[in-house]
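See structure below.
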Amino acid sequence: MNSNNSPPSSGNILIIDDIPDNLRFLSELLTKAGYTVRKVINGEMGIESAVLEPPDLILLDIKMPGINGYQVCDRLKASNRTHQIPVIFLSALDEEAEKVMAFQAGGVDYILKPFQVVEVLARIETHLRMSRLQQQLQQKNAQLEQEIEQKKAAEAALKFLDQGLELRIKERTSEIQKENQKLLRLQTELQKVLTQEQQRSNLKSQWLDTITQTFHTPLLTITSTLERLKEKSDYSNESAHQIQAISNDIRSMRQLLQDMSLLRNAEAQKLSFHPIALDLTEFCRSLTNQWQPTISPKYNILFVHFGKPPSTIMLDENLMQSICNHLLSNAIRYSPKGGSILFELVYEPAQVLIRVRDEGIGIPLEEQERIFDRFYRGKNADQITGTSAGLGLTVVKQAVAQHGGTITVSSEVNRGSTFTVSLPIQKFLYP
Ligand code: ADP
C-alpha cells in the first residue's frame with residue numbers, strides 16, 4: 001500500500017526505537033510492504049548498525065534512554081558514511097518545537113505516534129524515492145562534472161596541439177617563403193643569363209651574316225676569275241697548278257661559310273627544305289663529272305648505280321649537294337696517297353643508299369661515333385693538307401636528317417672508310 005497507488009520500491013530500512021511494540025509493528029508493516037527491515041533498540045546500536053551497513057532510510061525514535069534521537073541524528077549527519085541517509089523521526093509529541101528541532105538535527109520528516117499505516121508507508125516511500133532521485137542526481141552531476149573535466153582537458157590538449165600546429169605552419173610557411181624567394185632570385189638570374197645568351201647568340205648570328213655577306217661576293221669574283229684564268233691555255237704547268245690550288249682553297253672557304261650558315265639555320269629551325277623531283281642518278285653522275293677534273297690525275301671517282309629507281313624522288317637539291325660534296329671531298333682529302341673513290345647509288349624498294357668508299361687513312365674505332373659532332377676533328381685530320389674545321393659531317397648529318405634518313409660509317413685505319421647515307425623512299429622521296 002502506498003499513497004500514489006504505485007507498488008512500493010524495495011529498500012533497506014533501519015528502525016531505531018526503544019519500545020518493542022513499536023519495533024514489531026513497524027517491522028511487520030514494512031516487511032509486508034516489501035522492504036527489508038533491521039531494528040535496534042537504542043541509539044548507539046543504531047549508529048553502529050548504520051555505519052556498518054548503511055540503510056536506504058532510518059526511522060528514528062526521539063525519546064530513548066541513553067542518547068536521544070536528535071543526538072543520534074547529529075552523529076549520523078556528521079559521518080561521511082551516513083550523512084546522506086534520510087532520517088524520519090518518530091515521536092508521540094505533536095509540538096512545533098519538537099518538529100523544528102527534528103528538522104534542525106537533519107531529519108527529513110516527522111511521523112507521529114500512534115502510527116497511521118497509510119501515512120507511514122506514504123512518507124517512507126516518498127523519502128526513499130526522493131533519496132534515490134537525489135542519488136541519481138548526484139551521480140549525474142558527478143558524471144557531468146567528469147565529462148566537463150574531460151572536455152576541458154580535451155580542449156586544452158586541442159588548443160595545445162593547435163598552437164603546435166600553428167607554430168609548425170608558421171615555420172613551414174616562412175621556410176617556403178624563403179625557398180620561394182631563393183627560387184625567384186634564381187629565376188631572375190637565369191633570365192639574365194638567358195637574355196645575355198640570347199644577345200650573344202643574336203650577335204653571333206649577325207656576325208656570321210656579316211662575314212657571309214662580306215665574303216660572298218669577293219669569293220665569287222675570285223672563283224670566276226680563276227675559272228677564266230684556267231681556260232687560258234698559255235700558262236705554264238706550275239702556274240696552272242698554283243691557280244688550281246688557289247681555286248681549291250677558295251672553294252673550301254666558300255664551303256665553310258655555307259656550312260656555318262646552314263648549321264645556324266638548322267639550329268634556329270630555319271633550315272630551308274624544298275624537295276623537288278630529282279633524277280638522283282643524273283645528279284650523282286653530274287657531280288662526279290664536276291669533281292673529276294679538279295682531282296685528276298691523282299684520284300679517280302668511279303660512279304656506279306644499282307637497282308631500279310622509283311619514278312619520282314623528291315629531294316632538296318642544295319642539301320643533296322652538301323651531302324655528296326662533303327662525303328666526296330672527305331674521301332679525297334683523307335686519301336693522301338691518291339686512289340680510287342667509289343661513289344655508289346643503290347635503289348632498294350623502300351630506300352635509296354648513297355655510299356662513298358675510299359682507300360684512305362681510315363678512322364680509329366673509338367673516334368667513329370664523335371666524327372659527326374660539331375667542330376670535331378679526328379686525330380688523323382693533322383695528317384692531311386688543307387683546311388679542316390670539323391663541320392662537314394655535322395652538315396651532312398643535318399641534311400640527311402632533314403630528309404628523314406640516317407648516316408653510318410664503317411672504317412679501318414690505313415684501309416679506308418665507307419660512309420652510307422640511307423634515305424627512305426616511301427616517306428620522303430615520293431611527293
Ligand atoms: P673535317 O673538316 O675535319 O674533315 P668533318 O666533319 O668532315 O670535318 O670530319 C670530321 C672528322 O672525321 C675529320 O676530322 C676526320 O678525322 C674524320 N673523317 C671524315 N671523313 C673521313 C674519311 N673519309 N677518312 C678518314 N677520316 C675521315
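Order of appearance sets the numbers: ligands from 1, and atoms from 1 within every ligand. Hydrogens, waters and symmetry mates are skipped; everything else that's a heavy atom, side chains included, is used.
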Discussion item. Tell me whether Gly378 has any N or O atom under 3.5 angstrom from an N or O of ligand 1.
Written reply: yes

Discussion item. Test your reading of the structure: does Ile363 have an N or O sitting under 3.5 Å from an N or O of ligand 1?
Written reply: no

Item to complete: Please confirm whether Gly360 comes under 4.0 Å of ligand 1, counting heavy atoms of the residue only.
Response: no

Worksheet item: Does Ile361, backbone or side chain, put an N or O under 3.5 Å from an N or O of ligand 1?
Response: no

Item to complete: With heavy atoms of Arg377 as the reference, note each atom of ligand 1 found under 4.0 Å away.
Response: 3 (O), 14 (O)

Discussion item. So which atom in Leu319 and which in Ser272 form the shortest heavy-atom distance, rounded to 0.1 Å?
Written reply: CD1-O, 4.1 Å

Practice prompt. Using a strict 4.0 Å cut-off to heavy atoms of Gly390, name the atoms of ligand 1 that fall inside it.
Written response: 1 (P), 2 (O), 3 (O), 6 (O), 8 (O)

Worksheet item: Which atoms from ligand 1 have a heavy atom of Leu391 less than 4.0 Å away?
Response: 6 (O), 8 (O)

Worksheet entry | ligand 1 to Phe419 polar contact by distance, N or O atoms, under 3.5 Å | no

Fill in: Met320 and His403, any side-chain heavy atoms less than 4.5 Å apart
yes

Worksheet item: Side-chain contact, heavy-atom cut-off 4.5 Å: Asp109 with Phe89?
Response: no

Item to complete: Run the numbers for me: atoms of ligand 1, each under 4.0 Å from some heavy atom of Ala381, listed by number.
Response: 14 (O)

Discussion item. Would the distance check show the side chain of Gln398 and the main-chain N or O of Leu263 forming a donor-acceptor pair, the cut-off being under 3.5 Å?
Written reply: no

Worksheet item: For atom CZ of Phe215, is the number of surrounding heavy atoms from other residues, nucleotides or ligands below 6.0 Å larger than 12?
Response: no

Item to complete: Using a 4.0 Å heavy-atom cut-off, say whether Ser417 meets ligand 1 through its side chain, its backbone, both or neither.
Response: side chain

Discussion item. As an exercise, identify every atom of ligand 1 less than 4.0 angstrom from a heavy atom of Tyr376.
Written reply: 10 (C), 11 (C)

Practice prompt. Identify the heavy atoms of Ser322 and Leu262 that sit nearest to each other, and give their distance.
Written response: OG-CD1, 4.1 Å

Practice prompt. Classify the ring geometry between Phe372 and Phe419 as parallel (under 30°), tilted (30 to 60°) or perpendicular (over 60°).
Written response: perpendicular

Discussion item. Does Glu44 form a salt bridge (Lys or Arg N to Asp or Glu O under 4.0 Å) with Arg75? I'd like the steps, not just the answer.
Written reply: CA-CA 10 Å; Glu44 289 296 347; Arg75 282 173 54 186; 3.3 Å; yes

Worksheet item: Are any of the N or O atoms of Arg333 closer than 3.5 Å to those of ligand 1?
Response: yes

Discussion item. If you measure every N or O of Leu393 against every N or O of ligand 1, does any of those distances drop under 3.5 Å?
Written reply: yes

Worksheet entry | Derivation and outcome, salt bridge (Lys or Arg N to Asp or Glu O under 4.0 Å), residues Glu119 and Arg123 | CA-CA 6 Å; Glu119 186 194 359; Arg123 286 182 188 249; 2.9 Å; yes

Response to the item:
So the atoms of ligand 1 within less than 4.0 Å of a heavy atom of Asp358 turn out to be 22 (C), 23 (N)

Fill in: Counterpart residues, salt bridge (Lys or Arg N to Asp or Glu O under 4.0 Å), relative to Lys182 (two or more places apart)
Glu179

Fill in: N or O pair under 3.5 Å between Asn330 and ligand 1
yes

